[in-house]
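Here is the structure we will look at, set down as structure tokens.
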Amino acid sequence: MNNNITVLGIETSCDETSAAIYSSKSGLLSHALYSQIPLHAHAGGIIPENAARPQLEKIRGIVASAIETSGKEINDIDVIAVTNTPGLAGSLLVGLNFAKAMAWARQKKIIGVNHLEGHIFSSFIEHKDIPFPHLCLTASGGHTELYLVYDFGVFELIGQTLDDASGEAFDKIATRLELPYPGGQAIERLALTVDNHDFFSYPRPTAKTLDFSFSGLKTAVLYDMVKRNAYDLKTKKLLQKDNVFKAQVASSLQVCIGDTFVHKLTLALSLHRTVRAITFVGGVSCNRYLKQRIMALCAQHGKTFFAPSAQFCTDNGAMIAFVGHYRAQKQEFSPWSLDIFE
Ligand code: KG4
Ligand code: ZN
């Protein structure tokens with residue numbers, strides 16, 4: 001394989017269908033994405049059985065669009081990288097089978113990529129100079145994890161959620177507040193209207209461990225709403241529909257999650273003094289308030305802060321192409337027997 005490797009990355013692990021082209025010489029050349037958010041909005045979330053069918057219909061067009069806008073042709077692609085774990089089985093199968101069929105027909109190598117590794121290195125798509133070792137806080141709808149990142153593909157899990165992910169807390173509380181799906185964005189918008197103030201002081205973690213827990217916070221918010229006669233537990237109905245009250249809940253929740261992230265990262269910095277930077281990735285890292293909190297922490301500790309732009313915080317093919325690229329440089333290809341793992 002020549003020194004200028006061109007990789008097609010494919011991501012279909014959850015409800016997105018995305019493809020991107022990344023090359024050694026020019027970095028990211030294109031990125032195409034089909035989002036199912038409008039399809040799932042009426043159900044208030046993803047129904048796994050309904051996610052794979054539209055992906056099957058869209059994947060060919062999305063891959064074609066990524067290749068076309070990259071200015072490359074199929075013949076220029078050396079490797080196809082595809083998310084094979086973790087995710088929804090049906091959705092993962094759509095991406096993997098498409099990648100295998102294309103690789104077989106066009107005689108390309110394939111590389112199976114772990115979706116979480118994609119998120120961990122997603123800041124590199126736009127920032128080439130992130131120093132190692134660094135801390136990476138991955139916060140999405142399914143994961144909240146802290147990693148110590150030593151090099152490309154070399155990282156260690158040092159903390160993780162014991163129950164719900166932070167994105168799940170945003171989404172579930174948003175549903176209780178009758179806000180549109182996905183909840184994180186709606187909470188951020190509402191919190192801005194009351195200047196991100198902490199109105200209700202929900203409980204913060206005090207334990208000196210790097211693990212997270214968000215299920216207690218979800219319950220604490222619910223019982224606080226019940227206490228204020230804002231929510232009826234029996235009928236599961238929101239009683240206080242006033243936008244100011246909803247904004248106060250949204251804002252208090254956001255400040256509480258911000259405090260939790262800062263608390264855990266401060267502890268991680270004290271335990272791992274050699275880290276030079278912090279990266280904040282995954283769908284929740286779209287949140288500007290949370291980003292500012294971590295940025296301020298970095299400034300305080302003399303560390304550099306990096307986060308992807310919003311289009312690469314949420315699931316995307318570019319992060320899969322990026323990981324596929326450094327794996328291809330190391331000649332770490334997958335066999336044809338590559339399978340999916342939920
Ligand atoms: O990484 P992602 O697109 O998918 C998973 O791998 O889960 O993350 C989706 C999550 C959802 O829970 C969504 O509510 C959350 O990211 N999210 C946000 C914001 N935008 C998306 N959370 C807080 N603030 C946001 N602005
Ligand atoms: Zn994700």
Side-chain angles (χ1 to χ4, degrees), residues 9-18 31 33-37 40-41 44-46 48 51 55 82-88 91-92 95 113-123 125 136-145 147 160-161 164-177 179-193 196 212 214-215 217-218 247 249-258 260-261 279-294 307-320 322-323 342:
I10 297 177
E11 157 65 41
T12 61
S13 69
C14 192
D15 59 340
E16 317 287 16
T17 308
S18 178
H31 173 227
L33 182 136
Y34 165 71
S35 167
Q36 292 186 20
I37 285 179
H40 299 308
I46 303 163
Q55 289 175 313
V82 57
T83 308
N84 72 315
T85 189
L88 305 171
S91 298
L92 288 167
V113 174
N114 183 311
H115 178 79
L116 291 167
E117 185 168 344
H119 276 304
I120 294 170
F121 292 91
S122 57
S123 301
I125 299 166
C136 173
L137 174 59
T138 304
S140 70
H143 301 268
T144 301
E145 281 148 12
Y147 293 92
Q160 62 186 317
T161 183
D164 290 356
S166 48
E168 229 171 321
F170 273 115
D171 294 339
K172 286 181 178 164
I173 292 164
T175 304
R176 295 231 161 91
L177 291 173
L179 298 176
Y181 168 85
Q185 276 175 30
I187 297 255
E188 177 175 15
R189 270 197 304 272
L190 263 184
L192 265 178
T193 64
N196 294 308
F212 299 86
F214 290 102
S215 134
L217 173 61
K218 189 184 65 193
V249 175
S251 179
S252 305
L253 171 71
Q254 207 173 248
V255 177
C256 182
I257 292 181
T260 305
F261 283 171
T279 65
F280 181 34
V281 303
V284 176
S285 72
C286 289
N287 187 293
R288 276 157 291 185
Y289 168 79
L290 295 176
K291 249 197 280 213
Q292 276 161 14
R293 292 291 307 272
I294 301 174
S309 58
Q311 60 176 331
F312 303 126
C313 288
T314 45
D315 294 347
N316 65 86
M319 66 187 192
I320 304 305
F322 181 84
V323 171
E342 286 179 79

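A quick note: this is a predicted structure, and the numbers were derived from the prediction, not measured. The figures here come from the full heavy-atom set of this structure, side chains too, leaving out hydrogens, waters and symmetry mates. In listed order, ligands and their atoms are each counted from 1.
- Contact annotation: the side chain of T83 never approaches that of T12 to less than 4.5 Å [non-hydrogen atoms, C-beta and beyond].
- With sequence neighbours left out, the side-chain hydrogen bond (donor to acceptor under 3.5 Å, both in side chains) criterion links Q55 to S91.
- Under the 4.0 angstrom criterion for non-hydrogen atoms, H115 is in contact with ligand 1.
- For the residue pair H119/T138, the side-chain donor-acceptor check at 3.5 Å is not satisfied.
- Using a 4.0 Å cut-off to heavy atoms of T314, the atoms of ligand 1 that qualify are 3 (O).
- Closest to atom 24 (N) of ligand 1, if we only count protein heavy atoms, is N287 ND2, 3.1 Å.
- Those atoms of ligand 1 with a heavy atom of D315 less than 4.0 angstrom away are 1 (O), 2 (P), 3 (O), 4 (O), 5 (C), 6 (O).
- Taking every heavy atom of H119 and a limit of under 4.0 angstrom, the matching atoms of ligand 1 come to 1 (O), 6 (O).
- Annotation: side chain to side chain contact (heavy atoms under 4.5 Å, CB included) contacts of T85 (sequence neighbours excluded): N114, F341.
- The aromatic rings of F121 and F322 lie parallel to each other, with less than 30° between the two planes, well short of the 60° mark.
- The residue H143 has no part lying near ligand 1, judged by heavy-atom distances below 4.0 Å.
- Close approach of ligand 1 to E188 is summarised as follows: ligand atoms under 4.0 Å from at least one heavy atom of the residue are 25 (C), 26 (N).
- Residue-level proximity to ligand 1 for R288 is absent, since no heavy atom of it falls below 4.0 angstrom.
- Annotation: side chain of E168 is not in contact with side chain of K218 (no heavy-atom distance under 4.5 Å).
- Close contacts between ligand 1 and G167 involve ligand atoms 12 (O) [criterion: under 4.0 Å to a heavy atom].
- The shortest distance between side-chain heavy atoms of T144 and D164 does not fall below 4.5 Å.
- In terms of polar-atom proximity, G283 is counted as a contact of ligand 1, with an N or O under 3.5 Å from an N or O of the ligand.
- Distances below 4.0 Å separate heavy atoms of G141 from the following atoms of ligand 1: 5 (C), 7 (O), 8 (O), 9 (C), 10 (C), 12 (O).
- A donor-acceptor contact closer than 3.5 angstrom is absent between the side chains of N316 and Q311.
- Within the 4.5 Å cutoff, no side-chain heavy atoms of Q160 are placed close to those of H143.
- Residue F170 places no N or O, backbone or side chain, under 3.5 Å from any N or O of ligand 1.
- With S18 contributing its side chain and G317 its backbone, the two residues share a donor-acceptor pair below 3.5 Å.
- Among all protein heavy atoms, the one lying closest to atom 22 (N) of ligand 1 is G184 CA, 3.4 Å.
- Of the possible polar contacts, none joining the T193 side chain to the R189 backbone as a donor-acceptor pair under 3.5 Å is found.
- A distance-only check finds a donor-acceptor pair linking the side chain of E188 to the backbone of R288 [under 3.5 Å].
- The shortest side-chain heavy-atom distance between V323 and I120 does not fall under the 4.5 Å cut-off.
- Residue-level proximity to ligand 1 for Q185 is carried by backbone and side chain together, each with a heavy atom below 4.0 angstrom.
- For S123, the side chain to side chain contact (heavy atoms under 4.5 Å, CB included) partners two or more places apart in sequence, or in a different chain, are I130, T279, V281, F306, P308.
- The ligand atoms of ligand 1 that sit less than 4.0 angstrom from a heavy atom of G142 are 7 (O).
- Around the Zn ion (ligand 2), the protein contributes the following N, O or S atoms under 2.8 Å, ordered by chain and number: H115 NE2, H119 NE2, D315 OD1.
- Near D171, meaning under 4.0 Å from one of its heavy atoms, ligand 1 places the atoms 11 (C), 12 (O), 13 (C), 14 (O).
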